[in-house]
Amino acid sequence: MKKYPNISFNEENINTNAESLIKSCCKYGVIPVAVTKLICSEPKIVEGLVKSGISVVADSRINNLKKISHIPVSKMLLRLPSLSEIDDVIEYSDISLNSELDILLALSKSAVEKTKRHQVIIMHDLGDLREGSINIEMTRELAAACIHLPNIDLIGIGSNLACYGGVEPSKENQSELVSIARDVERSYGIDLQVISGASSAGLPLMLTGEMPQEINQLRLGASILMGIGLNDEPIPGTTQDTFTLSVEIIEVKVKPSVPKNSSALDAFGNVPVFIDRGERKRAICAIGKQDVNFDEILPKDENIILIGGSSDHLILDVDDCKSNYQTGDVVEFTLSYSGVLQCMTSEFIHKEFN
Ligand SMILES: *Cc1c(COP(=O)(O)O)cnc(C)c1O
């Protein structure tokens, strides 16, 4: 018997997205890295992506990369390594993004101890104000450190945009990254394999042919897994139908839409607000705010009104629905990026493949 609540992945659609994006990237000389943090690097999905032609898989958490250590694919750690996890970074990732000298020193020391080599991409901040140095001298210095540190291979320069500060990847900022990479190459007489421009947010620029041709890597998460990019807009050639949340109804009753003597705060300390629609048929589902923020899910049945809930209960108004919902029935929802992320992280939500 199927278990609920569950989040199901449409593996075929995810793989089709990956294949389509690999093809479009190829036209522009870009090799995509598949970012799998949204699905906590679920091994079954990662295996499918590798079969689709993905050569590098990236996650922000080393614990997720640990889960796919048996899969023969190059692994990239996206979040800057923490000092407390350096040995695991060397053990479970081949490439990491870096912006701090102390971390590079620790990576080198651990790599020497483990007789492994570790590849590094130095992050430069083009204005989004998350990771990376904002001045070229410092980026140059970090690159120099990598060149001299034992068992560390400097493979490229990268940047992250449209994550914290909402700065869009543009022709200008991507060209700036290229000139920084060229500056580093000239300063030290080296060749960099990788200029890692942006995330899925960089796809619109690439697809309109405006991405500088020297940008040869994009790190793609949302676009492969959900068919979306900059501002969550759909990416041409991909499908958005990749995840579904299914929850089970545990009570159906006709009740008034406004409580009789509402004076207390709700379970989350907020003043509850009600719209009086009269007596309505309501369904309670076995999922709650502990699992997912209700703003991040949308019933597939357009006649359902999501009216609220608490930590463990979701209350739906099903009075306008054509189907006669009963206890034990299953209701399906589409999810936003952060809705998927929360469901994937909740141990109470079963993961289903189909
Ligand atoms: C999450 C992340 C990405 C992928 O972003 P998407 O919008 O999912 O494509 C790329 N690079 C870094 C550094 C990230 O943290």
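Each ligand, and each atom within it, is numbered from 1 in the order the structure gives. Excluded from the calculations below are hydrogen atoms, water molecules and symmetry mates; all remaining heavy atoms, backbone and side chain alike, are included.
- Every N/O-N/O distance between Glu131 and ligand 1 stays at or above 3.5 Å.
- With 3.5 Å as the limit, one finds no donor-acceptor pair spanning the side chains of Ser8 and Glu352.
- Residues Val57 and Leu49 form no side-chain contact, since every pair of their non-hydrogen atoms from C-beta on lies 4.5 Å or further apart.
- Listed by number with element, the atoms of ligand 1 under 4.0 Å from a non-hydrogen atom of Asn160 are 11 (N), 12 (C), 13 (C).
- Look at Glu42 and Lys351 and you find no salt bridge, because none of the NZ, NE, NH1 or NH2 atoms lies under 4.0 Å from a carboxylate O.
- There is a side-chain donor-acceptor pair under 3.5 Å between Asn324 and Lys281.
- Remark: ligand 1 and Ala201 share no N or O pair separated by less than 3.5 Å (distance only, no angle test).
- Among all protein heavy atoms, the one lying closest to atom 9 (O) of ligand 1 is Ser200 OG, 2.5 Å.
- Regarding atom 5 (O) of ligand 1, its nearest protein heavy-atom neighbour is Ser199 CB, 3.3 Å.
- Taking every heavy atom of Arg130 and a limit of under 4.0 angstrom, the matching atoms of ligand 1 come to 13 (C), 14 (C), 15 (O).
- Checking Thr239 against Asp241 by side-chain atom types alone, no donor-acceptor pair falls below 3.5 Å.
- Taking only nitrogen or oxygen atoms, main chain and side chain alike, Ala222 reaches within less than 3.5 Å of ligand 1.
- The pair Arg140-Asp183 meets the salt-bridge criterion, since a charged nitrogen lies less than 4.0 angstrom from a carboxylate oxygen.
- Using a 4.0 Å cutoff on heavy atoms, Met226 does not count as a contact of ligand 1.
- Of the N and O atoms on the side chains of Thr139 and His124, at least one donor lies less than 3.5 Å from an acceptor on the other residue.
- Only the side chain of Lys37 comes within 4.0 Å of ligand 1, counting heavy atoms alone; its backbone N, CA, C and O stay farther away.
- For atom 11 (N) of ligand 1, the closest non-hydrogen atom of the protein is Arg219 NE, 2.8 Å.
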